[in-house]
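A quick note: this is a predicted structure, and the numbers were derived from the prediction, not measured.
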Amino acid sequence: MIHKLLKRPQAIIGLCLIAIVIVIAIAAPAFSPHDPELVNLSQKYAQPDPEYPLGTDQLGRCTLSRLLYGARYSIGISLPVLLILSVIGLIVGTFSACAGEKADHFITILCDVFIAFPSLIIAIAVIGVLGNGLQNIAVSVVIATWAWFVRIVRSYSVQEMGKDYILAARISGCNTGKLVFRHLIPNILPQFLVYVSTGVASSIIMVSSFAFLGLGLPSGTPEWGAMLNDARTALYSHPELLIYPGLCIFVTAAGFNLFGEALRDILMPEEDSL
């Protein structure tokens, strides 16, 4: 599969963008010329120079340093959240498909209730109850989007349930647990990985949306969405302060989406022929 990925330009571009963002997130302290939260009002809205390569914001904080540290928050929240959602989706979704009609009906109705409301509204409500904090952001995203992951896994599992190998497993006396972990999950995992890879971009955008609305993160946190929110007052005088974090969000989301599309073309080629 790796050989096939390397033959696709979109996969190479996506992987390069993802690698750059991850390296920046890990090595942000080494690359940052200044403390991203250091306020220096004497340098307010300073123009780019060797000391401040991208200038400063309304409080004299180094824009480049804040952008670099922003990758830590976007990646550091989104990837663990996607891991938790993946585990919930795989276990609950496969269990729903093979545990019986009553259990499936209950889980489907519960998912429909959550899906009926916009994810952002649910997440905002959860943050309003739990308060600010990185952990609370992660919890709110999980509560807001778990139903989507369960539904997509259930749809994959239902398709697999009608195949001969599932029937053979049931005839051989395979219980629900073994059926889920030994048969269903390994066979739907390639399709699910495609969904997860494109879901990273959505998670990053949602986290940035919280920060843009002033929710979840403490004031002054160097996060891309928060930087967009802070720069609104300087939209006309210093538009670059909005362009920089906006480009970071766009490039990161594009990297994961490009990689996800290339992965889909390889693992699910039948969709291209439809």
Side-chain angles (χ1 to χ4, degrees), residues 1 5 8 10-11 13-22 25 70-94 96-97 107 110-112 114-124 126-127 134-135 137-159 184-212 216 223-225 248-268 271:
M1 187 180 70
L5 279 174
R8 295 180 178 271
Q10 67 187 66
I13 295 172
L15 283 172
C16 288
L17 293 177
I18 293 171
I20 290 171
V21 172
I22 291 177
R72 285 192 151 191
Y73 287 93
S74 295
I75 298 297
I77 297 175
S78 299
L79 293 185
V81 164
L82 260 294
L83 179 60
I84 295 171
L85 287 171
S86 298
V87 173
I88 294 174
L90 285 171
I91 294 176
V92 179
T94 51
S96 175
I107 294 173
L110 187 61
C111 290
D112 288 341
F114 278 85
I115 292 174
F117 296 93
S119 299
L120 187 60
I121 300 300
I122 297 176
I124 290 174
V126 173
I127 290 179
L134 295 178
Q135 292 182 345
I137 289 180
V139 170
S140 67
V141 175
V142 170
I143 293 175
T145 57
W146 71 271
W148 296 92
F149 281 74
V150 171
R151 283 298 295 269
I152 195 70
V153 171
R154 178 190 173 276
S155 68
Y156 294 152
S157 300
V158 168
Q159 294 176 14
L184 274 179
I185 289 181
N187 282 282
I188 68 170
L189 195 58
Q191 302 173 70
F192 185 65
L193 286 176
V194 174
Y195 182 78
V196 171
S197 63
T198 54
V200 176
S202 300
S203 179
I204 291 173
I205 292 173
M206 181 175 286
V207 170
S208 297
S209 299
F210 293 155
F212 178 75
E223 197 278 333
W224 295 333
C248 289
I249 296 172
F250 172 78
V251 169
T252 304
F256 282 101
N257 277 334
L258 286 171
F259 178 72
E261 288 298 314
L263 200 61
R264 179 186 64 82
D265 293 342
I266 293 172
L267 296 178
M268 303 167 64
E271 291 192 0

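Taking 4.5 Å as the limit, some side-chain heavy atom of I122 sits within range of a side-chain heavy atom of F114. Side-chain contact between V200 and I75 is absent, with no heavy atoms from C-beta onward closer than 4.5 Å. Counting heavy atoms from C-beta on, the side chains of I188 and S157 come closer than 4.5 Å.
In this structure, CG in L263 is found 10.5 Å from CD in Q10, a value given to the nearest 0.5 Å. Here the CG-OH distance, from L189 to Y156, works out to 11.0 Å after rounding to the nearest 0.5 Å. One finds the OG1 atom of T94 at 4.5 Å from the CD1 atom of I185 (value rounded to the nearest 0.5 Å). Taking CD1 of I143 as the start and OG of S119 as the end, the distance is 12.0 Å to the nearest 0.5 Å. For the atom pair OG of S208 and CD1 of I249, the computed distance is 3.5 Å after rounding to the nearest 0.5 Å. With values rounded to the nearest 0.5 angstrom, I77 atom CD1 is found 12.5 Å from M206 atom CE.
Put simply, the side chain of T252 gets close to the backbone of C248: a donor and an acceptor are under 3.5 Å apart. Judged by distance alone, with hydrogens and angles left aside, the side-chain atoms of S203 form no donor-acceptor pair with the main-chain N or O of G199 at under 3.5 Å.
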Could you walk me through whether F149 and V196 satisfy the side-chain contact (heavy atoms from CB on, under 4.5 Å) test, starting with their C-alpha distance in whole Å, then the side-chain angles of each, then the deciding distance to 0.1 Å, before giving a yes or no?
CA-CA 9 Å; F149 281 74; V196 171; 4.2 Å; yes

